[in-house]
Participant: 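Following this message is one structure expressed as structure tokens.
Residue numbering restarts at 1 for every chain, and letters A, B, ... go by the order of the sequence lines.
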Number of protein chains: 2
Amino acid sequence: MTPLDIKNKVKQILTEHLEAKQLRKTSERFAILDEIYSMQGHFDIETLYVHMKNKKYQVSRATLYNTVEVLLECNLIIKHQFGKNQALFEKAYMYRQHDHLICQDCEHVFEFCDPRLQQIQQMAGEILKFDIERHSLTLYGKCQGVQKNGKCSHGFKPINKG
Amino acid sequence: MTPLDIKNKVKQILTEHLEAKQLRKTSERFAILDEIYSMQGHFDIETLYVHMKNKKYQVSRATLYNTVEVLLECNLIIKHQFGKNQALFEKAYMYRQHDHLICQDCEHVFEFCDPRLQQIQQMAGEILKFDIERHSLTLYGKCQGVQKNGKCSHGFKPINKG
DNA sequence: GTTTGTGCAAATTTTTTGCATTACA
DNA sequence: TGTAATGCAAAAAATTTGCACAAAC
């Protein structure tokens with residue numbers, strides 16, 4: 001699937017969701033979805049707001065918060081709260097389930113995947129008699145550079161700070 | 001270990017931490033620690049503030065935020081951000097490593113434990129060349145009551161709402 | 001033509017900060 | 001007594017809300 005295919009598909013998913021829920025198909029909602037699926041990695045509302053202000057389509061923060069809620073409902077995005085007060089989001093369609101490892105030095109977010117998590121999730125659900133819909137696993141640690149000389153070896157800038 | 005033993009022990013740990021870091025042993029800090037170790041389950045700063053206001057020792061919110069930071073540093077409490085804007089905390093001493101399952105209906109937090117997480121944590125650390133200090137796993141799901149008749153079967157009130 | 005969604009600004013909520021005062025060392 | 005910690009109140013940051021207007025349906 002090309003990036004364009006993905007954009008068309010998520011547009012279709014949003015359209016169907018809006019119709020099913022009898023919500024209106026506003027240009028803002030599709031512009032926001034398009035912008036989100038043009039971005040890389042995690043993003044916060046303020047970053048999204050600035051991106052859209054600088055580009056083609058200008059929307060208000062209120063509309064962003066509103067639309068993000070809709071996109072969460074139809075699983076087109078995922079919300080994260082990595083121990084900060086500010087929520088981060090990421091695209092969810094066509095992005096395989098993965099978890100996160102955050103460098104405590106530079107705050108860069110790495111992704112990894114371990115199939116055993118699905119088993120843990122399933123087993124915990126059975127034991128506690130829950131239908132588990134999703135999980136959120138985040139590891140916090142220090143890279144070898146930090147361990148050796150106190151300086152981060154990958155040199156990423158903190159997320160959302162530049 | 002009795003609850004009193006635990007309180008004495010954490011007091012000792014805090015004392016040693018304060019001495020090591022050359023911080024002052026103020027009565028506020030010990031009163032806050034005592035109050036935290038008198039509470040059950042997760043708590044937020046506001047709840048802690050009200051608890052202390054109603055009880056023996058009155059402290060300012062600023063001091064609570066300050067002290068919570070100190071207690072995090074010496075691992076006497078853990079901070080959680082369960083997808084809300086408000087941070088939650090819990091006691092960490094003598095409470096075995098566990099993870100959380102949150103009911104999407106009543107928001108009650110259940111605890112569970114799976115040793116495989118330690119393996120995942122270790123393996124991810126090796127692959128990504130990180131020294132993992134801690135992890136945070138939260139499962140989100142619906143209990144059987146919600147699945148069957150839309151009503152939560154355990155009937156807990158939402159956390160921090162009553 | 002209704003009614004929902006948007007934009008703006010004000011309000012809320014949570015956390016942080018500045019500064020005068022208190023009290024630990 | 002010197003300096004860090006506290007309390008207060010103001011500021012900041014993130015999100016939510018109220019309301020007039022715009023635009024889907």
Side-chain angles (χ1 to χ4, degrees), chain A residues 11 14-35 42-50 52-53 56-74 77 79-89 107 158-161, chain B residues 11 14-35 42-53 56-74 77 79-89 158-161:
Chain A
K11 206 152 95 178
L14 177 57
T15 301
E16 287 167 2
H17 177 80
L18 295 175
E19 286 172 353
K21 291 283 180 103
Q22 307 218 48
L23 301 171
R24 294 182 179 174
K25 303 194 259 310
T26 67
S27 54
E28 285 86 352
R29 284 171 172 165
F30 288 98
I32 292 167
L33 178 65
D34 191 272
E35 180 59 36
H42 302 88
F43 63 91
D44 57 63
I45 299 284
E46 193 59 23
T47 302
L48 183 56
Y49 178 74
V50 173
M52 298 199 67
K53 195 159 204 168
K56 42 223 167 192
Y57 215 103
Q58 191 160 339
V59 294
S60 69
R61 263 173 271 257
T63 299
L64 284 178
Y65 279 102
N66 169 346
T67 301
V68 150
E69 213 55 47
V70 173
L71 297 179
L72 282 169
E73 274 167 26
C74 53
I77 60 174
K79 178 178 178 176
H80 295 292
Q81 200 101 33
F82 291 132
K84 291 282 187 317
N85 306 321
Q86 185 186 48
L88 292 185
F89 302 86
E107 296 188 31
I159 47 177
N160 306 322
K161 299 274 175 64
Chain B
K11 205 153 96 177
L14 177 58
T15 301
E16 287 167 3
H17 177 80
L18 294 175
E19 286 173 352
K21 292 282 180 105
Q22 309 218 45
L23 302 171
R24 292 182 180 174
K25 304 193 259 308
T26 66
S27 54
E28 286 86 354
R29 284 172 172 162
F30 288 99
I32 292 167
L33 178 66
D34 190 271
E35 180 59 36
H42 302 87
F43 63 92
D44 57 64
I45 299 283
E46 194 59 25
T47 302
L48 183 56
Y49 178 73
V50 173
H51 270 230
M52 298 199 67
K53 195 159 204 167
K56 42 220 164 190
Y57 214 101
Q58 191 160 338
V59 295
S60 68
R61 264 173 270 257
T63 299
L64 284 177
Y65 279 101
N66 169 346
T67 301
V68 149
E69 213 56 46
V70 174
L71 297 179
L72 282 170
E73 273 166 28
C74 52
I77 59 173
K79 177 179 179 177
H80 296 292
Q81 199 101 32
F82 290 132
K84 292 280 187 318
N85 306 321
Q86 187 186 48
L88 292 184
F89 302 86
I159 45 176
N160 306 322
K161 298 274 174 63

Participant: With heavy-atom distances below 4.5 Å as the criterion, would you say the side chains of A:N66 and A:R29 are in contact?
Facilitator: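 Yes. Closest side-chain heavy atoms under 4.5 Å.
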Participant: Considering heavy-atom distances to DNA chain D, does B:Y57 or A:A87 have its closest nucleotide positioned more toward the 5' end?
Facilitator: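 Going by which nucleotide is closer to the 5' end, it is B:Y57.
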Participant: Please give, in whole Å, the distance from D:dA4 C1' to B:E69 CD?
Facilitator: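 Roughly 17 Å, once rounded to whole Å.
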Participant: Tell me: CG of A:L72 to P of D:dT15, nearest whole Å?
Facilitator: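 A:L72 atom CG is separated from D:dT15 atom P by 12 Å.
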Participant: Hey, which of these two, B:Q81 or A:N66, hits DNA chain C nearer its 5' end, going by closest nucleotide?
Facilitator: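 Counting from the 5' end, the first nearest nucleotide belongs to A:N66.
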Participant: Between B:I45 (CD1) and C:dT16 (P), how many Å, whole number?
Facilitator: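 The distance from CD1 of B:I45 to P of C:dT16 comes to 9 Å, rounded to the nearest Å.
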Participant: Please tell me which of the listed nucleotides, D:dT16, C:dG5, C:dT15, lies nearest to the side chain of A:R24?
Facilitator: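 Shortest atom-to-atom distance from the side chain points to C:dG5.
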Participant: B:S60 has a side chain; which of D:dG7, C:dG5, D:dT16 sits nearest to it?
Facilitator: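 The nucleotide sitting nearest to the side chain is D:dG7.
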Participant: In whole angstroms, how far is the P atom of C:dT6 from the NZ atom of A:K25?
Facilitator: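 Computing the A:K25:NZ to C:dT6:P distance gives 13 Å.
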Participant: Whole angstrom is fine here: how far is it from CD1 in A:I32 over to C1' in C:dT6?
Facilitator: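 Result: 10 Å.
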Participant: When the distance from CE of B:M52 to C1' of D:dT6 is rounded to whole Å, what number comes out?
Facilitator: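 Taking CE of B:M52 and C1' of D:dT6, I get 13 Å after rounding.
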Participant: Of B:D44, B:I45, B:L71, which meets side chain to side chain contact (heavy atoms under 4.5 Å, CB included) against B:F89?
Facilitator: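 So, applying the side chain to side chain contact (heavy atoms under 4.5 Å, CB included) to B:F89 and each of B:D44, B:I45, B:L71, only B:I45 qualifies.
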Participant: Counting side-chain heavy atoms from CB outward, which of C:dT6, C:dT15, D:dT6 is closest to B:T67?
Facilitator: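 From the listed options, D:dT6 comes nearest.
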Participant: Whole Å only: how far is the CG atom of B:N85 from the P atom of D:dA14?
Facilitator: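 Going from CG in B:N85 over to P in D:dA14 covers 11 Å.
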Participant: Among C:dT14, C:dT3, C:dT6, find the nucleotide with the atom closest to the side chain of B:Q86.
Facilitator: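 Nearest to the side chain of B:Q86 among the choices is C:dT14.
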Participant: Return the minimal non-hydrogen interatomic distance between B:V59 and B:Y49, and the atom names on each side.
Facilitator: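 Heavy atoms only, the tightest pair is O-CE1, 3.2 Å.
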Participant: Kindly check if the number of other-residue, nucleotide or ligand heavy atoms within 6.0 Å of NZ (A:K11) is above 12?
Facilitator: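 No, because the 6.0 Å sphere around NZ of A:K11 holds 12 heavy atoms or fewer from other groups.
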Participant: Is any side-chain heavy atom of A:T67 closer than 4.5 Å to one of A:T26?
Facilitator: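 Heavy-atom side-chain distance check fails, nothing below 4.5 Å.
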Participant: Ignoring backbone atoms, establish whether A:R29 has a side-chain N or O less than 4.0 Å from OP1 or OP2 of C:dG5.
Facilitator: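 For C:dG5, OP1 or OP2 has a side-chain N or O of A:R29 closer than 4.0 Å.
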Participant: Kindly say if A:S27 contacts the phosphate of D:dA23, meaning a side-chain N or O under 4.0 Å from OP1 or OP2.
Facilitator: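 The answer is no; no side-chain N or O of A:S27 sits under 4.0 Å from OP1 or OP2.
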Participant: Just checking A:Q22: base, sugar-phosphate only, or nothing, at a heavy-atom cut-off of under 4.0 Å?
Facilitator: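 Nothing, no heavy atom under 4.0 Å.
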Participant: Starting at atom CG of A:L18, determine the distance to atom C1' of C:dG5, rounded to an integer number of angstrom.
Facilitator: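 Rounding to the nearest Å, CG of A:L18 and C1' of C:dG5 are 11 Å apart.
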Participant: Rounded to the nearest 0.5 Å, how far apart are CD of A:E73 and NZ of A:K21?
Facilitator: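 One finds 4.5 Å between CD of A:E73 and NZ of A:K21.
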Participant: Does B:Y65 have a side-chain nitrogen or oxygen under 4.0 Å from the phosphate oxygens OP1 or OP2 of C:dT16?
Facilitator: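 For C:dT16, neither OP1 nor OP2 has a side-chain N or O of B:Y65 closer than 4.0 Å.
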Participant: Which residue, A:E46 or A:A62, contacts DNA chain D at a nucleotide closer to its 5' end, judged by nearest heavy atom?
Facilitator: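 On the 5' side of the pair lies A:E46.
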Participant: Base, sugar-phosphate, or nothing: which does B:E19 touch, judged by heavy atoms less than 4.0 Å apart?
Facilitator: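 The answer is nothing, as B:E19 stays clear of every strand by at least 4.0 Å.
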Participant: Between D:dT15, D:dT6, C:dT14, which one does the side chain of B:T63 approach most closely?
Facilitator: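 Nearest listed nucleotide: D:dT6.
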